[in-house]
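Beneath this line is the structure, given in structure tokens, with notes to follow.
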Amino acid sequence: MAFDSKEREELRRKFHAYATTRDRALRDDLVTAHMGLAEYLARRFTNRGEPLDDLVQVAALGLLKAVDRFDPERGLEFSTYATPTIVGELKRHFRDKGWAVRVPRRVQELHLRLGSVVSILSQELGRSPTIGEIAKSAAVSEEEVLEAIEAGHAYRFTSLDAPSGNDDEMSLSAELGSEDQGLIDSEHRVTLSPLIAQFPPRERMILHLRFFEGLTQSEIAGRLGISQMHVSRLLARALAQLRTQAEDN
Amino acid sequence: MATGEVRLELPAAPEFLRISRLMAAGVASRVGFTLDEVEDLRIAIDEVCFSMVGPRGRAGTITLRYRLDADHLVVEGAGQFSDGLSNEPVVSALSNQILAAVVDECELSAGEEGPRFRLVKRHRPS
């Protein structure tokens, strides 16, 4: 996170420009320049049973909010201003979207371990592995595997903080090819219900590919370059969120 | 491969749906379903059971029958509700879309004491 004086000056200039223009490209630059801070803070939360890539996403969202709200006129260092916002976002993630309290630690750990076990097996077999194959490879019982997979569905929502669609457009462009992005932009807005349209791009993409395009979870994992267990968690979380939303309406 | 039937009766409340999902996954793994298929089935059971009990649950129980065959699994569910509310299934367009994507067949109907469903998931060896 150490910037030299020239970079510092450049960032200060961009913050000032962004404060008046609200230019998207500037905002993306500022977010990208400070991703190191988001990653650093996300790492401090990795001992709580959530995978780092999820946490970095959450931290990036906090960073984005901080960039949006930062007032360069007040003379505060951006990192000083942003840290509590990012940490707040991470804490809220654990409070609202974390594991249900009753998932025991060993189950959480197995769940996370299965992420790579499943990825390796899928590659070796050229197809989605069976529960028996996963159990054998991870040297645990089938029941333990089932329990660990189910743990990924153990999200609960105390409240819905509706993701505001374009909040992580930035991380999307880093993750998805232009073809996918085009798909989201044109087709989705028309075909998806407004409920789905409110999700951040990656969740929207996963919901679309699974439920509208009929891709399997492992195919989606391959396409987005994340583990199948991660796809499974994101789907479970999105479905839980859709429900809370339907309930609120 | 073992065939047979497993039955489960649960209070009609959302907090019990976890058991219905676990049972679905457990039975499906007996027939050698892949993780993709198990995940789909889990989503289907959750979706369809939630549509029966709703966010606050209903007075009564739901009964689930998991019938396993060589290459497919049939799950039949029925609500036994005593709250006098409608016995018609209520499923949103989005839920229908989800169910159509994750299982091979899904029928919902009104039963004597509550909504009923029947879904089929086939195992596709690759």
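Quick note on labels: first sequence line is chain A, next is B, and so on, each numbered from 1. What's counted below: heavy atoms across the whole structure, side chains too, no hydrogens, waters or symmetry copies.
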Need one label for A/Val118: side chain, backbone, both or neither, based on atoms under 4.5 Å from any heavy atom in chain B. side chain
Let me see the working for B/Leu94 and A/Leu242 under side-chain contact (heavy atoms from CB on, under 4.5 Å), right down to the final yes or no. CA-CA 10 Å; B/Leu94 184 60; A/Leu242 279 168; 3.6 Å; yes
Counting only heavy atoms closer than 4.5 Å, note whether A/Leu235 contacts chain B via side chain, backbone, both or neither. side chain
Atom CZ in B/Arg21, atom CD1 in A/Ile149: separation rounded to 0.5 Å? 12.5 Å
Checking B/Leu99 against chain A: side chain, backbone, both or neither under 4.5 Å from a heavy atom? neither
Just wondering, do A/Leu239 and B/Asp46 contact through their side chains at under 4.5 Å, heavy atoms? no
Gap separating the CZ atom of A/Arg243 from the OG atom of B/Ser92, nearest 0.5 angstrom: 9.5 Å
First locate atom OG of A/Ser218, then atom CD of B/Glu39, and finally report the distance between them rounded to the nearest 0.5 Å. 10.0 Å
Quick one: what part of B/Glu47 sits under 4.5 Å from any heavy atom of chain A, side chain, backbone, both or neither? both
Proximal component of A/Gln217, with respect to chain B [non-hydrogen, under 4.5 Å]: both
To the nearest 0.5 Å, what is the distance between OG1 on A/Thr130 and CZ on B/Phe33? 12.0 Å
Heavy atoms only: give me the nearest A/Arg210-B/Ala101 pair and the separation to one decimal. NH2-O, 3.0 Å
Yes or no on side-chain hydrogen bond (donor to acceptor under 3.5 Å, both in side chains) for B/Asp36 and A/Gln228, after CA distance, side-chain angles and deciding distance? CA-CA 9 Å; B/Asp36 274 334; A/Gln228 179 177 357; 2.8 Å; yes
Closest non-hydrogen atom pair, A/Leu146 against B/Gly26: CD1-CA, 3.4 Å
Output the distance between atom CZ (B/Arg124) and atom OG1 (A/Thr216), rounded to the nearest 0.5 Å. 12.0 Å
Any chance CZ of B/Arg116 has more than 12 other-residue heavy atoms, nucleotides or ligands included, within less than 6.0 Å? no
Tell me, for A/Ile134 versus chain B, whether the close heavy atoms (under 4.5 Å) come from the side chain, the backbone, both or neither. side chain
Side chain B/Gln97, main chain A/Phe211, donor-acceptor under 3.5 Å: yes
With rounding to the nearest 0.5 Å, note down the distance linking OG in A/Ser128 to CG in B/Asp40. 9.0 Å
Is A/Glu147 salt-bridged to B/Arg18, going by a charged N under 4.0 Å from an acidic O? no
Answer key: most heavy-atom pairs under 4.5 Å with chain B among A/Ala135, A/Gly132, A/Pro129, A/Gly214 is A/Pro129
